[in-house]
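All remarks here apply to the structure that follows.
Values reported hereafter were calculated over all heavy atoms of this structure, with side chains retained and with hydrogens, waters and symmetry mates removed. Ligands are counted one by one from 1 in listed order, and the atoms in each one are counted from 1 as well.
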Amino acid sequence: MKKKLNIGIIGYGFMGRTHSNAYRRVVNFFDVPYEPVLQVICGLEADKAKAFADQWGYKSHTTDWRKVIEDKTIDVVDICVPNNVHAEIAIAAAKAGKVIVCEKPLALNGAQGKEMVDAVEKAGVANLVSFNYRRVPAVTLAKQLIDEGRLGKIFHYRANFLQDWTISAKVPQGGMATWRLDVKAAGSGVTGDLLAHCIDTAMWHNGPITTVCAMTETFIKERMNVDTGKVEPVGIDDACMFLCRFENGSLGNFESTRYARGHKALYTFEINGEHASIGWDLHDLHRLNYFDHRDESIVRGWRSIHVTDADMPYMGKWWVPGLQIGYEHSFVHQTADFLENLAKGKPTSPTFREALATQYVCDAVLASAKNQKWETVKKR
Ligand SMILES: NC(=O)c1ccc[n+]([C@@H]2O[C@H](COP(=O)([O-])OP(=O)(O)OC[C@H]3O[C@@H](n4cnc5c(N)ncnc54)[C@H](O)[C@@H]3O)[C@@H](O)[C@H]2O)c1
């Protein structure tokens, strides 16, 4: 009999679904030491929380996150709410001694993120930030190839995260559907929402980012605010581009926008090393493109590795070679790793402290865009 782990998820939206799915699926595919039990789901609207509880098999539902924290039977508090609510819940959960999973970005800014890090470290509770793209098998394989030294010295890391859903001036800000456009709820625009993913993966692959030079733009300056009913200035960055230096001497360039017509979620990265290069594209997430200059010249070229074989990261747990998996599986992998480490008393990356490093890069990017100069990234 596996030890049961009672889960309370706060937020029944997009991420509430991916996390619920992960807790349910993980025991079917991974030999994890715990059996997660979907105990309580929390969200702002009672009828929606109830419908979610019924659909996903939660034992109860509530509209008050404090009840989840006060509930002595809850082991894990999983935070899937807008960014401005992360800190308050995480700090209260840490004080209550709960294991904490928090969606990205960790916080609204680095100062708030630091308070969260202090709280979990003082309480000594296990903690994880959900930068799930690390655990797409092809992205994990990229990390393996880099760590094996196959690329040699790395010169360049470039990443994009492009969307097109806010081009219309009619899209409002605020409210539950469009909180991402309200700086009070989101903290920033594409920098914290999309580039945070690219930055987390990049630093995992290639080490710390030390300095940044950025530009941002807010193309639509005023939007209706659903919460106030008034047309108000837009405080988020609609687009952001930045150059950076990594501690290992390599150069980075990153771009994100919600104004790239035709792109829904085009997250790509390319890494160029002395011997080899790697490329990846979220729209084709099971493939890793790899070029190795050491191949014999007559067969040298970009190869497209179909990351489905059993000896590739996580894939031995799924189907048979050639059959692929998708987006939701990255959350299952994250949960499997977290439960495995939890039983051993080991941290799972990225911890709050590791995610704080990403937050500090975001802070430096936004400061650089504002001040129109290079900024040094604060050390975590
Ligand atoms: N890892 C990823 O790829 C990824 C993708 C999307 C979102 N996110 C992150 O996940 C978080 C949630 O985003 P989402 O897209 O799921 O949002 P969403 O709008 O779909 O859902 C938000 C949920 O939070 C609840 N909520 C809001 N305020 C609350 C409060 N005070 N108390 C209790 N419940 C409250 C709402 O009722 C709703 O259920 C954000 O931090 C976001 O950045 C991460």
Side-chain angles (χ1 to χ4, degrees), residues 8-22 40-53 55-56 58 61-69 77-90 92-93 100-109 112-113 116 128-136 139 161 163 165 172-201 226-227 236 256 258 264-265 267 282 285 326-335 338 350 352 355 358-359 362:
I9 295 191
I10 306 176
Y12 49 63
F14 177 18
M15 285 303 109
R17 292 165 65 220
T18 60
H19 290 217
S20 300
N21 179 61
V40 55
I41 184 77
C42 172
L44 287 179
E45 294 172 59
D47 54 339
K48 288 190 178 156
K50 181 175 181 327
F52 193 94
Q55 184 163 12
W56 287 92
Y58 279 85
H61 64 277
T62 176
T63 54
D64 182 358
W65 62 261
R66 286 180 183 79
K67 290 217 172 95
V68 182
I69 310 267
V77 171
D78 190 324
I79 305 169
C80 297
V81 291
N83 308 342
N84 59 329
V85 207
H86 291 186
E88 200 183 2
I89 299 176
I100 308 173
V101 177
C102 183
E103 258 308 330
K104 51 54 62 179
L106 177 62
L108 292 175
N109 52 52
Q112 193 182 57
M116 296 166 75
L128 169 75
V129 178
S130 176
F131 279 111
N132 57 297
Y133 290 109
R134 287 181 178 209
R135 289 176 167 92
V136 171
V139 177
F161 206 140
Q163 299 184 335
W165 63 280
Q173 57 177 317
M176 258 308 109
T178 44
W179 61 264
R180 280 178 176 77
L181 280 78
D182 179 358
V183 73
K184 291 191 289 303
S188 67
V190 294
T191 300
D193 193 35
L194 304 177
L195 282 175
H197 277 301
C198 306
I199 295 164
D200 172 75
T201 307
V226 176
D227 297 319
I236 59 153
S256 186
R258 295 183 183 131
K264 303 301 167 192
Y267 174 12
L282 175 59
L285 58 75
Y327 171 72
E328 69 273 29
H329 300 83
S330 61
F331 294 91
V332 180
H333 301 157
Q334 172 173 283
T335 306
F338 190 58
F352 276 29
T358 295
Q359 201 77 51
C362 292

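The ring-ring contact (aromatic ring centres under 6.0 Å, His included) check on Trp56 picks up Phe52, with sequence neighbours excluded.
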*Between Tyr12 and Ser20, does a side chain to side chain donor-acceptor pair (under 3.5 Å) hold up when you go through it step by step?*
CA-CA 9 Å; Tyr12 49 63; Ser20 300; over 6 Å; no
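Residue Glu103 comes nearest to Phe331 through the heavy atom pair OE2-CE2, 3.8 Å, listed as atom of the first residue, atom of the second, then distance.
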Which N or O atoms of ligand 1 sit under 3.5 Å from a protein N or O, and how far apart is each pair?
from: ligand 1; atom 1: 1 (N); to: Glu103; atom 2: OE1; distance (Å): 3.0
from: ligand 1; atom 1: 1 (N); to: Ser130; atom 2: O; distance (Å): 3.3
from: ligand 1; atom 1: 1 (N); to: Asn132; atom 2: OD1; distance (Å): 2.8
from: ligand 1; atom 1: 3 (O); to: Asn132; atom 2: OD1; distance (Å): 3.1
from: ligand 1; atom 1: 3 (O); to: His197; atom 2: NE2; distance (Å): 3.2
from: ligand 1; atom 1: 3 (O); to: Tyr327; atom 2: OH; distance (Å): 3.4
from: ligand 1; atom 1: 15 (O); to: Arg180; atom 2: NH2; distance (Å): 2.9
from: ligand 1; atom 1: 16 (O); to: Phe14; atom 2: N; distance (Å): 3.3
from: ligand 1; atom 1: 16 (O); to: Met15; atom 2: N; distance (Å): 2.8
from: ligand 1; atom 1: 19 (O); to: Trp179; atom 2: NE1; distance (Å): 2.9
from: ligand 1; atom 1: 20 (O); to: Phe14; atom 2: N; distance (Å): 3.0
from: ligand 1; atom 1: 37 (O); to: Leu44; atom 2: N; distance (Å): 2.9
from: ligand 1; atom 1: 39 (O); to: Tyr12; atom 2: N; distance (Å): 2.9
from: ligand 1; atom 1: 39 (O); to: Gly13; atom 2: N; distance (Å): 3.4
from: ligand 1; atom 1: 41 (O); to: Val81; atom 2: O; distance (Å): 3.2
from: ligand 1; atom 1: 41 (O); to: Asn83; atom 2: OD1; distance (Å): 2.6
from: ligand 1; atom 1: 41 (O); to: His86; atom 2: NE2; distance (Å): 2.8
from: ligand 1; atom 1: 41 (O); to: Lys104; atom 2: O; distance (Å): 3.1
from: ligand 1; atom 1: 43 (O); to: Asn83; atom 2: OD1; distance (Å): 3.2
from: ligand 1; atom 1: 43 (O); to: Lys104; atom 2: O; distance (Å): 2.8
from: ligand 1; atom 1: 43 (O); to: Lys104; atom 2: NZ; distance (Å): 3.4

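Remark: Arg258 engages Asp193 in a salt bridge, criterion side-chain N to carboxylate O under 4.0 Å.
Distance alone, capped at 3.5 Å, is enough to place a donor-acceptor pair between the His333 side chain and the Arg135 backbone.
For the 3.5 Å distance criterion, the side chains of Thr18 and Tyr327 fail to qualify, holding no donor opposite an acceptor.
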